[in-house]
Amino acid sequence: MHARASHETMAPNFRIVGLDPTAFEPLFGLDDAALQRLGAVRRIATAWPGYPCRVGLDDAAVGDELLLLNHVHHDVASPYRASGSIFVRRGAVAARPAAGEVPPCVVRRQISLRAYGAAHTMLHARVCGGAEVAQALQDLFDDPQVAHVDLHNAAAGCFACRALRA
């Protein structure tokens, strides 16, 4: 079940997207020493929830293989260029929730939202419970200057996913 914006008559103005798995797939074929040279490590999920995959936008099941690595998610020539640690699950398919849908792995967490404009500078920021993310995104995208919003897990600070204008 996905959370939806609370205004039934208001058309959703955002769409959340998972990362493209293409860049990560070859990494699963590397041995642990090669991963270490890249600053990445292999993990096996030992609890659920706890290992949110940034491609599938779901929490890995206990026993799933993941990679923990650094990812530049806001790769821009701006003081707001940003990277952080992410989990990617082996075999994950990029999630593409419908407009207005918020994946359960986001709904379960406290989320920091960072809204960026066309010049790659932060315009707005807020923190809210996962159940409030749909309304917060709807409100942020009401500002026509907002180009996209990056969502982060507030406690750990790691990148969770991106919301685009629908």
Between [X] and [Y], what is the shortest heavy-atom contact and its length?
X	Y	value
Gly117	Ala147	C-CB, 3.9 Å
Ala61	Ala45	O-CB, 3.3 Å
Leu69	Leu67	CD2-CB, 3.7 Å
Ile16	Pro103	CD1-CD, 3.9 Å
Ala160	Leu57	O-CD2, 3.8 Å
Cys53	Ala92	SG-CB, 3.6 Å

Nearest 0.5 Å please: distance from the [atom1] atom of [X] over to the [atom2] atom of [Y].
X	Y	atom1	atom2	value
Cys158	Ile86	SG	CD1	9.5 Å
Ser83	His74	OG	NE2	12.0 Å
Phe87	Cys105	CZ	SG	12.5 Å
Phe159	Leu151	CZ	CG	8.0 Å
Leu38	Asn70	CG	CG	11.5 Å

- Message: I'd like to know whether Asp139 forms a side-chain hydrogen bond (donor to acceptor under 3.5 Å, both in side chains) with Gln135, so could you lay out the CA-CA distance, the side-chain angles of the two residues, the decisive distance to 0.1 Å, and finally the verdict.
- Response: CA-CA 6 Å; Asp139 294 345; Gln135 187 60 55; 2.8 Å; yes
[X], [Y]: one ILVMFWY side-chain cluster at the under-4.5 Å cut-off?
X	Y	answer
Leu137	Val107	yes
Leu30	Phe28	yes
Leu35	Leu68	no

- Message: Going by side-chain contact (heavy atoms from CB on, under 4.5 Å), name the residues that satisfy it together with His124, two or more places apart in sequence or in a different chain.
- Response: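 Expected list: Ala115, Leu140, Asp143, Val146.
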- Using side-chain contact (heavy atoms from CB on, under 4.5 Å) as the criterion, list what pairs up with Thr46, not counting sequence neighbours.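 Here the qualifying residues are Tyr51.
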Just wondering, do [Y] and [X] contact through their side chains at under 4.5 Å, heavy atoms?
X	Y	answer
Phe24	Leu19	yes
Leu27	Val88	no
Pro104	Asp58	no
Val102	Phe14	yes

- Worked check of side-chain contact (heavy atoms from CB on, under 4.5 Å) between Cys128 and Val133: CA-CA 7 Å; Cys128 63; Val133 166; 3.9 Å; yes
- Task: For Ile111 and Asn153, run side-chain contact (heavy atoms from CB on, under 4.5 Å): C-alpha distance rounded to whole Å, both residues' side-chain angles, the deciding distance at 0.1 Å, then the answer.
- Result: CA-CA 5 Å; Ile111 299 294; Asn153 295 333; 3.7 Å; yes
- Task: Evaluate whether atom CD of Glu25 has more than 12 neighbouring non-hydrogen atoms of other residues, nucleotides or ligands under 6.0 angstrom away.
- Result: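 More than 12 heavy atoms, drawn from other residues, nucleotides or ligands, come within 6.0 Å of this atom.
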- Query: Above 12 or not: heavy atoms from other molecules or residues under 6.0 Å from CD of Gln145?
  - Reply: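 Atom CD in Gln145 is not packed in, count stays at 12 or less.
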- Message: I'd like to check the salt bridge (Lys or Arg N to Asp or Glu O under 4.0 Å) partners of Asp59; sequence neighbours left out, ordered by chain and number.
- Response: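 Listed in chain order: Arg108, Arg109.
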Looking at [Y], is its backbone amide N or carbonyl O close enough to the side chain of [X] to form a donor-acceptor pair, meaning the two atoms are under 3.5 Å apart?
X	Y	answer
Arg89	Asp64	no
Arg15	Arg96	no
Arg114	Met122	no

- Are the aromatic ring centres of His120 and Tyr80 under 6.0 angstrom apart?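 No, too far apart.
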- Message: Under a 3.5 Å cutoff, is there a donor and acceptor pairing between the side chains of Asp32 and Gln36?
- Response: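 Distance-only check fails for Asp32 and Gln36.
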- Side-chain H-bond candidate by donor/acceptor type, Arg162 with His73, under 3.5 Å: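 Distance-only check fails for Arg162 and His73.
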